[in-house]
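Data block below; observations after.
No hydrogens, no waters, no symmetry mates; every other heavy atom, side chains included, goes into these values. So that the names make sense, note that chain A is the first sequence line, chain B the second, and so on, each numbered from 1.
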Amino acid sequence: MNSLTAEDFKERSPLYAKHKGACLAPLAETVAVERFSETDEHSQLARCALVDLTNLARVGFRGTDSAEFLLSKGYHLPETPNHATLQDDGSMVARLSQTEYLLLGSLRDAGTRVSDLEAHWQLSEQANYLLPRQDSHAWLLLTGEHCAAVMAKLCGVDLRDGNFTQGAVAQTSAARINVIVINTHTTALPSFHILCDRASVSYFWDAVLDAMLEFGGKPAGIQALLD
Amino acid sequence: MSSSNRLPAPMGLLIDRDQALSFQFDGQSFSALGGDSIASALIANGRWLMSRSFKYHRPRGPLTLAGQDANTLVQLPSEPNVLADVTSVEAGMQVSAQNVSGSLDNDRDAYLGKFSKFMPVGFYYRSFYKPKGMWKVWEPIIRKKAGLGVLDLKFQPEYYDKQFLFVDLAVVGAGPAGLQAALTAANAGAKVLLVEEQSILGGSLTYARFDAEGVRADNLRQELIAAVEGHCNIQTLKRATCNAWFTDNYLPVIQGKRLYKVRAKQCLVASGSFDQPVIFRNNDLPGVMLTSAAQRLMKLYAVKPGKRAVVLTGNDDGYLAALDLHEQGVEVAALVDMRAQPADPQLLTLLQTCGITCHLSTTVFEALHEKGMRHVSGVDLRKITGQGQVASDSLTLGCDLLCMSGGYMPVYQLLCQAGGKLAYDDQLAEFTLSGLPEILRVSGSANGCHALDNVLADATNCALDIIAALGLNSDLGRAKVKPEAQVNFPWPIFAHPKGKDFVDFDEDLQVRDIINATKIGYRDVQLVKRFSTVGMGPSQGRHSALPTARLVAQSTQRNISETGVTTARPPFVAEKLAHVAGRGFDPYRQTPMHGRHLAAGAKMMPAGVWQRPAFYGNDTDREQCMQAEALNVHNKVGLIDVSTLGGLDVRGPDAAEFLNRIYTFAFLKQPVGRSRYALMTNEHGVVIDDGVCARFADNHFYVTATTSGVDRIYQQMLKWNAQWRLNVDVTNVTAALAAVNLAGPLSRKVLQKLCTDVDLSPEGFPYLGVRTGTVAGIPARLMRVGFVGELGFEIHVPARYGEYLWDVLMEAGEVEGIRPFGVETQRLLRLEKGHVIISQDTDGMTTPGEIDMTWAISRTKPFFVGKRSVEILEQQPQKRKLVGFTLEKGSRQPLEGHLVLDGSDISGNVSSCEYSETLGQIIGLAYAGANQGIPGSHLPIRVEGGEMVHATVVELPFFDPANQRQEL
Amino acid sequence: MKIMNCPLNGPRNISEFTYGGELKAMPDSATCSDIEWADYVFNSDNAAGVVTEWWMHTPSSYWFLAERHTVTDQIIRTFDPKEVFNQRVDFHANSTALKGVTA
């Protein structure tokens, strides 16, 4: 399909060995799966799909000065904890506690706005501590009409529409590991961002795919998300 | 198939007459129709005998036809204890009987019934334990006779799973009450889950007759089902069992191979009630069944239950059932009413017009049978003269079906699990429930409403309460529940002088067994249960709890409210371990370099939830691989993945102050660019963790922690600071940082090839120094450490670069002879240096003094966690000490945990022990008595098989005591 | 399974929480007697009634306090520890002083 391989890059997703046979596309300093098959993956996304976004930029900040710092960088912040706000450029800010924020990069700029923020941050007198979320956490996107039903096989929090609304954040346990689930409101496509322990993602990826099986779920690439 | 046994439509709600199939029962072929249960198909073929009773091997046939008795337990090839009355028959199914000796029809153990007189209640407890030691003789014989069914040991695990289900209202039971309530609540906007055990909705509406005309039930059923099944707010689970009630309406519902973990804001139990048997002699014969069972046979399966029936009843429902039988062509030889007259006197006239004789104030005193007891052949009727008393005049009638209806027992199991209290109403001879939590309600016959109008009214009212509790609205007004006729006969128990009047069919318990238990002194119903085993069989007291309560009350001169019934614990019906296990989530963690370890042939081992390389090579070559890897570290350079090591970033103005309170050492004046050993005690003064504390800036420390301890320690740090409120941030960066230890005399040379922005010289980067820089262009934290006793650099990088870092180091070190080493090798290397591993060389009692760590305690600071306890402990004499020992090469090698002796007393145990090729001897660490620690003295260790070895106590470390190698 | 209301994350299954022991005031470790210290370290009241306990929502590592009735297991209230611990605690050589908590 193409000649790119994950091992050509310094930054590697812990899942790359599970992406065998997929077509890769460059993403900032690294790569992501463009698509898993020759066929168009839009309908797969709409039905039930799992996308590995681990190589897309994300970062966290915590501290009493973090809100001010992020506002100064032009981010819109959620007013209460456990809510997420979509930014104009497609990135997202989730508020995890009174003083903690999680920034998820956008595929539209290959995450560069967020990765720049991480690269330029320096420890100072400010109570604004960087949290290395890109390295501590893996990032999956679960899409499709069966999102909530898939999660109900893994997680004890009611993530159905109406109860878990767009922009809602749940810090909870799924398949017995800690996860952050964010109901994205980027598109009409029902989808959850799921962040989990990076070291456990190999286990978690398989557990989610297994739960997706009865809904015809499959892994998908980022291509269909970009169109 | 003897088609004459099948009734015409509309009988047979469940069957598909166009789908004929055949199956095997006990080696014989039988025909069936689609939708048949195994039991209904067998009865359609005239086959009633399905099992033998547990104790006396008496012949048994279906009792309830609703999966509520043990009489229909059969064996499938890969599954024992299958309920034939609720399991659908499948084409080619191989069904066999269980608990028989020889064959079901001619069970060699049937003689046991003749000995029942000699096997009184508590027989096993009392007979086989004397004289002492006798149990050993009896046990194998009894084991062979006991137990039901056979396990298929070649069984292949199947895919079972679990799923949460979130609803506003869960309704358990889809009878008239459940349907009505579900519909009412759903109409008001509630999301409703309806759970039904049977394969069709309707409950009693599918088989029972509620009035003389006999058409209303079916009309109402169709009307309710049409409304429920099309309702967008109602989700229905059929053939599903709510198997328990747990706190806050957490309901395990089993359907097929899935366990639904239902979480309901409100729960309504409309589980109905169990038809109760009447107790008389031979009430367990095949052909004697609950009235509702005969009705189920006809209405659900279109099976004619007999040619000539006698209906024994204590309520009007028996009259209605007699009409059903009559209409379906069963001759009703007699309606026997235990009461003086029916509640509705018109029923007498109605039956008379059908030519059915009614015997009032009469009971069946004994069911009669032909030789072999295969089926009921008649009844001995007697006038009732008092409670449980009958006249001596008898009337004998022939019949092949005896229906009995002694009353109803609410299906109270879930409700009692929720804390509901049962009280017996002597007037109604019925149990009532109270004391339920606010989010749980009961309705329908489980709530004592039996007349159909009352059931619907009660369900509507209940739904209105639920709607209000959910914050929804409904226009409906409350319905009125009218007084209704009594349904329970107060004493449907007629003990027979010759016994065989069964209270509990599962356990073959007769009236006298219960009475005798109370006479022996077991007055409490719970003790009666345990002594007699009443209610402990598969049907869990569904039919025996009420008569047992009545008998115990009578025998102990108390009322039934006082005696109560036995506790009904979850699960409601038998559940498989596979349901409980589900898919079995078993998380594991892998480092970024995991794939490289596998490629290098690592033997992986678990370290907590992490997967780590033990060593590289074959399982069988452990010793060889370890020694080679260790020598390579000593002589050249090795690389170990230490990403699993716990890592915490502690940042902020109070970072030093915070660490000063958490760890025993002093950190306030620790220079930037240096690391310091960090030991942690808990409030008891016990050593719980250790690590290295690196200061990268005034307000930034990076502390390592043990792999298994870091999560707990991180949580404890947060808990402490929730109280101290220091200006500090603690972040667990364990998974965020990949790390390696590049160790060995050539390590500096290898690192110099990749790291140009840090002065790596001994002067520029001395032992215990820490630096930040880049390795192969990757941002890295570098730490000079000495854990394995050689010049070494720990390199910590963001996890995303972990695998790349491994690759470039392996490549850069190729010329120097780099090779990876595993955790087992690392443990050997650190043992040579005498370094303890917390939780391997320490236990839940280890104090700093016992492991020679008092040097790591600051005496000048005002506080650290455990300080006061450590001080108190230090005032007391030390009882044990961790010492190093050696044994000559070739000696019996002690294992971890082997005991250290002091004379005949145990003074300690071995905590680590390995053979060291480098030193040419066995080395180890062991706890020993405080007096046993003098270097040169002998340490007696009891090894495998009780053999003693005598190790020599030595000074630590074993290797390079001057630390010349690591401080290069 | 029981539900507990986390002050940060809302109502969750009790399996998402870690128990952190009863809230008890630490005596001044510099001045208290050995017996007082041992009592603090080893003994619990185990009262039948409403007790205040430490609980942590495990996925978010958030510690909070809960008032729970040990007889009925009813959770009466959960709240942020700032309600009790509202000022910085410092230790001094001769006295641990200034605990933000009242016994």
Would you mind checking which part of [X] comes under 4.5 Å of any heavy atom in chain B, side chain (CB onward), backbone (N, CA, C, O), both or neither?
X	answer
A/Val157	backbone
A/Ser13	neither
A/Ala17	neither
A/Glu100	neither
A/Asn178	neither

Who wins among [options] for the most heavy-atom pairs under 4.5 Å with chain A?
options	value
B/Ala738, B/Ala776, B/Ala799	B/Ala799
B/Gln590, B/Lys261, B/Gln163, B/Arg583	B/Arg583
B/Pro592, B/Ser643, B/Gly652	B/Gly652
B/Lys162, B/Gln611, B/Arg258	B/Arg258
B/Phe166, B/Trp610, B/Phe164, B/Tyr159	B/Phe166

### Task
Using a cut-off of under 4.5 Å on heavy-atom pairs, state which of A/Gly156, A/Ala207, A/Pro14, A/Ala149 scores highest against chain B.
A/Gly156

In the structure I gave you, are the side-chain heavy atoms of [X] and [Y] within less than 4.5 Å of one another anywhere?
X	Y	value
A/Phe204	B/Pro587	no
A/Asn163	B/Lys191	no
A/Phe9	B/Tyr804	no
A/Tyr129	B/Asp649	no
A/Pro132	B/Val733	yes

### Task
List the steps, then state whether salt bridge (charged side-chain N to carboxylate O under 4.0 Å, His left out) holds for A/Glu7 with B/Arg596.
CA-CA 12 Å; A/Glu7 288 168 285; B/Arg596 294 296 184 256; 2.7 Å; yes

### Task
Please look at B/Asp161 and chain A and tell me whether the side chain, the backbone, both or neither of the residue comes under 4.5 angstrom of a heavy atom of that chain.
side chain

### Query
Which bit of B/Val797 comes within less than 4.5 Å of chain A, counting heavy atoms only: side chain, backbone, both or neither?
neither

### Non-hydrogen atoms of B/Val730 and A/Arg62 that approach each other most closely
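Minimum heavy-atom separation between B/Val730 and A/Arg62: O-NH2, 2.9 Å.
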
### Heavy-atom pair with the smallest gap, counting every atom of A/Asp206 and B/Tyr588
OD2-OH, 4.3 Å

Does [atom1] belonging to [X] count more than 12 external heavy atoms closer than 6.0 Å?
X	atom1	value
A/Glu68	CD	no
A/Glu214	CD	yes
A/Glu125	CD	no
B/Lys753	NZ	yes

Using modelled atom types only, decide if a donor and an acceptor are shared between the side chain of [X] and the backbone of [Y] within a distance under 3.5 Å.
X	Y	answer
B/Arg651	A/Ala127	no
A/Asp135	B/Arg800	yes
A/Arg198	B/Ala735	no
A/Arg176	B/Gly584	no

### Message
Return the OG1 to CG distance between B/Thr731 and A/Leu130, rounded to the nearest 0.5 Å.
### Response
9.0 Å

### Task
Find the distance between OH (B/Tyr260) and NZ (A/Lys153) and round it off to the nearest 0.5 Å.
9.0 Å

### Query
Do A/Lys10 and B/Asp807 meet the salt-bridge criterion of a basic N to acidic O distance under 4.0 Å?
no

### Query
What do the steps show when you test A/Ser202 against B/Arg589 for side chain to side chain donor-acceptor pair (under 3.5 Å), and what is the final call?
CA-CA 8 Å; A/Ser202 184; B/Arg589 303 179 85 184; over 6 Å; no

### Query
Stepwise, does the salt bridge (charged side-chain N to carboxylate O under 4.0 Å, His left out) test hold for B/Arg263 with A/Asp158?
CA-CA 9 Å; B/Arg263 181 67 85 173; A/Asp158 184 0; over 6 Å; no

